[in-house]
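Beneath this line is the structure, given in structure tokens, with notes to follow.
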2 protein chains.
Amino acid sequence: MVVDELGGTEADRIFHALADATRRDIIARVIRQEQSVSALARLYPMSLAAVQKHVAVLERAALVTKERHGREQRVRADLTVLRRATRLLDAYEQLWRHRTHSIEQILAEDQEGH
Amino acid sequence: MVVDELGGTEADRIFHALADATRRDIIARVIRQEQSVSALARLYPMSLAAVQKHVAVLERAALVTKERHGREQRVRADLTVLRRATRLLDAYEQLWRHRTHSIEQILAEDQEGH
DNA sequence: CTCATCTACAACCATTTGGTTGTAGATTAG
DNA sequence: CTAATCTACAACCAAATGGTTGTAGATGAG
């Protein structure tokens with residue numbers, strides 16, 4: 001029923017991408033060192049295609065980028081996006097602590113287009 | 001195919017709960033002031049039952065709790081859980097900055113069990 | 001050149017998600 | 001008591017998720 005262009009807001013995509021243990025593990029691994037897709041696939045009890053899909057979800061959320069290097073496609077993390085997610089949650093906490101009445105700021109940051 | 005008890009790990013539930021704009025809006029509102037379910041339902045272009053389901057998702061993630069007050073069910077935020085999510089993302093950022101080789105800590109925190 | 005490897009992508013399937021309507025139980029108002 | 005309100009929950013449905021297998025195109029190794 002969602003007729004949206006693709007998957008909703010940026011926050012939608014980021015949190016959805018984080019809502020899976022395999023994807024969080026992929027992030028944690030490529031933070032330390034970029035890895036090829038098939039190297040990642042060997043780590044998990046699922047097919048290469050499944051891991052490709054997980055990487056694609058992370059890519060849609062801009063949490064990782066791929067860079068072709070020979071015949072390999074190296075996956076690496078883009079931490080600035082992860083930082084945006086952290087700041088969004090931080091904003092909710094601020095909202096709590098300060099009981100601020102200007103909720104519009106955090107909600108505005110939570111829209112498509114940021 | 002998931003024969004799991006219910007929805008995976010705590011982090012799964014928290015991030016999944018946050019991956020929807022309506023649910024994030026509900027959190028932002030009940031942070032400021034607890035609201036009854038039907039009061040929340042009037043805010044969104046969907047049925048009461050739909051909002052009930054969103055609240056249930058937030059409840060499964062322990063991001064909100066309900067407290068009966070007369071015939072109303074007041075929804076309020078539990079910020080300690082939101083804080084856990086923030087700390088989890090913070091941990092990823094630390095992992096990035098310090099390139100620490102003890103990834104086990106953050107992964108351990110990411111398991112079912114607390 | 002030939003073959004193995006890495007990747008992409010389509011088709012398919014079961015389950016979950018996010019919405020609906022409808023029914024029914026508590027609780028308060030008058 | 002009766003009626004209106006708030007909530008819960010079941011049944012249903014379309015679409016998205018998360019997995020599979022299979023096919024095919026690039027690229028590197030020998």
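Bear in mind the structure is a predicted one, so any value in this text is a computation, not a measurement. Below, chains carry the letters A, B, ... as their sequence lines are ordered, and counting in each starts from 1.
Each of C:dC9, D:dC9, C:dT7 was ranked by its minimum atom distance to the side chain of B:Gln52; first place goes to D:dC9. Checked against C:dG19, D:dG19, C:dG18, the side chain of A:His54 finds its nearest nucleotide in D:dG19. Closest to the side chain of B:Arg60, out of C:dG18, C:dT17, C:dT7, is C:dT17. Of the listed nucleotides (C:dA8, C:dA10, D:dA8), D:dA8 has the atom at the smallest distance from the side chain of B:Gln73. Taking every side-chain heavy atom of A:Val37 into account, C:dT7 is the closest of D:dT20, C:dG19, C:dT7. With C:dT21, D:dA8, D:dT27 as the candidates, the nucleotide lying closest to the side chain of A:Arg71 is D:dT27.
Taking side-chain N and O atoms only, B:Arg42 has a distance below 4.0 Å to OP1 or OP2 of D:dC6. At the phosphate of C:dA8, OP1 or OP2 sits under 4.0 Å from a side-chain N or O atom of A:Lys66. One finds a side-chain N or O of B:Ser47 lying less than 4.0 angstrom from the OP1 or OP2 phosphate oxygen of C:dT20.
Between the CG atom of B:Leu48 and the C1' atom of D:dA10 there is a distance of 15 Å, rounded to whole Å. In this entry the distance linking CD1 of B:Ile26 with P of C:dG18 reads 12 Å, nearest Å. Summarising the geometry, the separation between CZ on B:Arg24 and C1' on C:dG18 is reported as 15 Å, rounded to the nearest angstrom. A:Glu72 has its CD atom 10 Å from the C1' atom of D:dG28, to the nearest Å. If you take CZ of A:Arg23 and P of D:dG19, they are 8 Å apart, rounded to a whole angstrom. Spacing between atom NZ of A:Lys53 and atom C1' of C:dC9 amounts to 10 Å, rounded to whole angstrom units. One interatomic measurement links the two molecules: CZ of B:Arg74 to P of C:dT27, which rounds to 15 Å at whole-angstrom precision. If you take CG of A:Asp20 and P of C:dT15, they are 18 Å apart, rounded to a whole angstrom.
Between A:Val51 and A:Gly70, the residue anchored nearer the 5' end of DNA chain D, judged by the nucleotide with its closest heavy atom, is A:Val51. Between A:His16 and A:Arg68, the residue whose closest nucleotide on DNA chain D is further toward the 5' end is A:His16.
Cluster membership for A:Leu58 and A:Leu88, using ILVMFWY side-chain heavy atoms within less than 4.5 angstrom, is shared.
In this structure a side-chain-to-backbone donor-acceptor pair under 3.5 Å is missing from A:Arg76 to A:Thr65.
A distance of 8.5 Å separates CD1 in B:Ile26 from CG in B:Leu43, rounded to the nearest 0.5 Å.
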What do the steps show when you test B:Arg42 against B:Val51 for side chain to side chain contact (heavy atoms under 4.5 Å, CB included), and what is the final call?
-> CA-CA 9 Å; B:Arg42 286 184 215 107; B:Val51 174; over 6 Å; no
Do A:Arg24 and B:Thr9 pass the side chain to side chain contact (heavy atoms under 4.5 Å, CB included) test, and can you show the C-alpha distance, the side-chain angles, and the key distance before you say yes or no?
-> CA-CA 12 Å; A:Arg24 289 192 302 273; B:Thr9 69; 3.3 Å; yes
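Counting non-hydrogen atoms under 4.0 angstrom, B:Ser38 reaches the backbone sugars and phosphates but no base. A:His69 comes within 4.0 angstrom of no nucleic acid atom, judged by non-hydrogen atoms across all strands.
Looking only at side-chain heavy atoms (C-beta outward), A:Leu18 and A:Arg23 stay at 4.5 Å or farther from each other.
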